[in-house]
Student: 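Take a look at this one; I'll ask things after.
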Amino acid sequence: MIKLNLYNTLQRRISIFQPIDQNNVRIYACGPTVYDFIHIGNARPLVVFDVLVRLLRIIYPKVTYVRNITDIDDKINKRAIEKKITISELTNETIKNFHKDALTLGNLKPDFEPKATDHISEMIEMIQTLISNGFAYFSSGNVLFAVEKYKNYGALSGRSLDEMISGSRVEVADYKENPGDFILWKPSSENLPGWDSPWGRGRPGWHIECSAMSKKYLGSQFDIHAGGLDLIFPHHENEIAQSCCANNSDIMANYWLHNGYVTSDGEKMSKSLGNFATINNLLLNFRGEAIRYALMQAQYRAPLSFSKKSLDEATKSLSRLYRATEGLEVNDGQDTQLIYNLCDDLNSPKALARLHYLADEANKGSKECAQKLKNSSNILGILCNSTDEWFKFREVNSNDKTENATITEKEIDELIIKRKIAKENKEFEKADQIRELLLEKNIQLEDKPDRTVWRRF
RNA sequence: GGCCCGAUGGCAGAGUGGUGAUGCAGCGGCCUGCAAAGCCGUUAACAGCGGUUCGAUUCCGCUUCGGGCCUCCA
């Protein structure tokens with residue numbers, strides 16, 4: 001059995017991954033809150049944990065991957081009012097866009113994709129358990145979790161309750177017994193979405209959904225819980241508190257994985273700063289696969305500098321890999337070294353370097369390395385298309401670059417034949433004119449020993 | 001204010017107590033009618049100052065700079 005080393009936020013160190021059940025590895029990743037297009041920062045966990053799931057599936061016979069959708073949230077309510085549409089119109093539209101983006105980035109579908117609004121009863125049940133076990137209390141219409149009642153509160157984020165209080169920059173609501181207490185259930189006015197509950201018509205707090213849904217689909221204890229660095233506190237800390245107290249358990253998940261931020265000019269990319277690029281927008285000019293490649297260029301815990309330039313480089317790198325695997329279909333033989341590289345805490349840069357080594361060998365004539373390259377790239381979710389598809393198609397919506405390049409394949413082929421004849425007649429000026437003409441339409445010609453191929457770029 | 005992380009060549013980004021990461025860019029050559037692609041070769045880095053060591057980019061300390069969390073966030 002291959003050893004997978006993973007950094008666990010809970011222990012602040014790397015350790016060998018040991019599943020609870022070798023025959024069913026269970027992983028939960030926090031998915032999007034659906035009120036807007038996802039941006040490149042949201043896409044990072046999507047891609048890196050997709051790679052993790054692919055890797056786990058190589059090592060273990062079965063992996064259950066759950067990624068939720070948060071479709072009840074105050075940001076959603078606010079946005080729906082701003083856009084003068086209903087909440088379900090907003091969430092349905094956003095989910096549709098999210099699925100399209102996730103697919104274009106080459107992600108596998110999770111085994112379960114539960115929505116918060118479909119699990120209100122599970123949340124209410126869990127909150128009731130927390131109240132009856134003395135971990136939660138009712139105050140001014142709200143149900144709150146009493147952090148003091150959970151002895152391990154702060155273990156994940158590495159902070160004590162005292163530190164949190166002394167460092168607090170937030171006004172403390174007067175209905176809280178302890179400043180750190182957080183909401184499990186809150187009342188809804190008539191114009192806001194709400195469900196009947198023992199505490200009146202209301203809606204869940206932010207964290208309870210993940211506790212309820214992970215329990216339903218993965219059990220009260222599972223292997224891996226993943227998400228972005230910014231979810232460590234308070235989201236994951238609170239999830240652990242709720243789940244452990246409701247399930248009378250010491251652990252919620254054994255391994256807590258957190259990806260680093262995507263940065264722009266050295267700063268964290270975030271919605272509040274407004275310095276983000278949506279995937280939807282980037283796809284106007286770049287391929288989804290190139291975005292995916294760019295997201296794997298840094299190890300997942302390190303910050304990742306993102307720029308248009310990094311996407312250009314990713315595109316070039318992918319072109320190189322695609323050239324080296326022209327005409328090959330995926331089969332079984334994967335590269336062991338690449339798997340080892342990934343098993344080193346998902347060291348994707350090391351894995352990509354290995355791909356380029358294989359491409360080198362392939363270009364020097366190694367059929368074996370070319371085949372390994374094709375097969376192994378799939379672990380990273382890249383090189384899944386044919387070389388022809390990569391060079392000839394772009395999954396773009398609308399794009400100046402493409403519109404300018406409007407030329408049919410038939411026209412290109414005809415021009416290639418004309419150029420061939422010109423070359424045979426030593427009319428090189430004419431031949432070069434054809435090449436220039438195509439270049440203006442973003443078509444690059446490559447003369448091979450026996451034929452001429454074209455690439456769109 | 002409390003806590004935490006980082007600093008590698010032009011850019012991105014691995015790694016290591018004593019040889020070349022890798023990609024993109026650059027330079028020289030081969031190939032080509034010329035290109036493109038490919039191949040061969042090549043330039044170039046470990047923030048600063050101390051310490052440990054035969055030897056430190058790598059370990060330790062300090063300084064400077066940058067970033068993050070403590071509030072919605074991936």
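Letters go in sequence order (proteins before strands), and every chain restarts at 1. None of the values given here were measured: they were computed from a predicted structure.
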Student: Which part of the nucleic acid does Val453(A) contact within heavy-atom distance under 4.0 Å: base, sugar-phosphate only, or nothing?
Tutor: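 Val453(A): no heavy atom of the nucleic acid under 4.0 Å.
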Student: Reckon Lys78(A) has a side-chain N or O less than 4.0 Å from the OP1 or OP2 of C72(B)?
Tutor: no
Student: Would you mind reading off the distance between Leu52(A) atom CG and A74(B) atom C1', rounded to a whole angstrom?
Tutor: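 Checked: the CG to C1' distance equals 16 Å.
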Student: Distance between the C1' atoms of G9(B) and G68(B), in whole angstroms?
Tutor: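 Each nucleotide's C1' atom is 27 Å from the other's.
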Student: Do His39(A) and Phe306(A) have their ring centres less than 6.0 Å from each other?
Tutor: no
Student: Taking Asp50(A) first and then Arg54(A), would you say they form a salt bridge - that is, a charged N and a carboxylate O separated by under 4.0 Å?
Tutor: yes
Student: Shorter than 3.5 Å, N or O on both sides, protein versus nucleotides 31-38 of chain B: list them out with atom names.
Tutor:
| residue | atom | partner | partner atom | Å |
| --- | --- | --- | --- | --- |
| G33(B) | N1 | Asp432(A) | OD1 | 2.9 |
| G33(B) | N2 | Asp432(A) | OD1 | 3.4 |
| G33(B) | N2 | Asp432(A) | OD2 | 2.6 |
| C34(B) | O2 | Arg435(A) | NH1 | 3.3 |
| C34(B) | O2 | Arg435(A) | NH2 | 2.4 |
| C34(B) | N3 | Arg435(A) | NH1 | 2.7 |
| A35(B) | N6 | Asp447(A) | OD2 | 3.2 |
| A35(B) | N1 | Asp447(A) | OD2 | 3.2 |
| A35(B) | N3 | Arg435(A) | NH1 | 3.0 |
| A36(B) | O2' | Gln444(A) | NE2 | 3.4 |
| A36(B) | N1 | Asp447(A) | O | 3.3 |
| G38(B) | O3' | Asn363(A) | ND2 | 3.3 |

Student: Sugar-phosphate means primed atoms, P, OP1 and OP2; the rest is base. With that split, encode nucleotides 5-10 of chain B 5' to 3' as B, S or - using protein heavy atoms under 4.0 Å.
Tutor: ------
Student: As a test of reading the structure: which of A21(B), A74(B), C70(B) is closest to the side chain of Ala353(A), going by heavy atoms?
Tutor: A21(B)
Student: Reading RNA chain B 5' to 3', what string of ( ), [ ], | and . shows its pairs, if Watson-Crick and G-U wobble pairs count only when both distances fall under 3.5 Å?
Tutor: (((((((..(((.....[...))).(((((.......)))))....(((((..]....))))))))))))....
Student: Which of parallel (below 30°), tilted (30 to 60°) and perpendicular (above 60°) describes Phe391(A) and Tyr322(A)?
Tutor: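 Answer is perpendicular, since the angle exceeds 60°.
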Student: Output yes when at least one side-chain N/O atom of Ser305(A) is less than 4.0 Å from OP1 or OP2 of G13(B), else no.
Tutor: yes
Student: What nucleotide among C69(B), C24(B), A74(B) has an atom nearest to a side-chain atom of Asn42(A)?
Tutor: A74(B)
Student: Side chain of Lys75(A): nearest nucleotide among G68(B), C72(B), G13(B)?
Tutor: C72(B)
Student: Are the side chain of Thr315(A) and the backbone N or O of Ala290(A) linked by a donor-acceptor pair below 3.5 Å?
Tutor: no
Student: Which is true for Leu355(A) with a 4.0 Å heavy-atom rule: it touches a base, it touches only sugar-phosphate, or it touches nothing?
Tutor: nothing
Student: Salt bridge or not between Arg419(A) and Asp447(A)? Use side-chain N to carboxylate O under 4.0 Å.
Tutor: yes
Student: Charged N to carboxylate O under 4.0 angstrom, Asp74(A) versus Arg203(A)?
Tutor: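 Yes, charged N to carboxylate O under 4.0 Å.
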Student: With a non-hydrogen cut-off below 4.0 angstrom, is Lys316(A) in contact with a base, only sugar-phosphate, or nothing?
Tutor: sugar-phosphate
Student: At under 4.0 Å between heavy atoms, what does Ser317(A) touch on the DNA or RNA strands: base, sugar-phosphate, or nothing?
Tutor: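 Sugar-phosphate only.
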Student: Does the plane of the ring in His356(A) sit parallel, tilted or perpendicular to the ring in Tyr293(A)? Use 30° and 60° as the thresholds.
Tutor: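 If you compare the ring of His356(A) with that of Tyr293(A), the planes turn out perpendicular.
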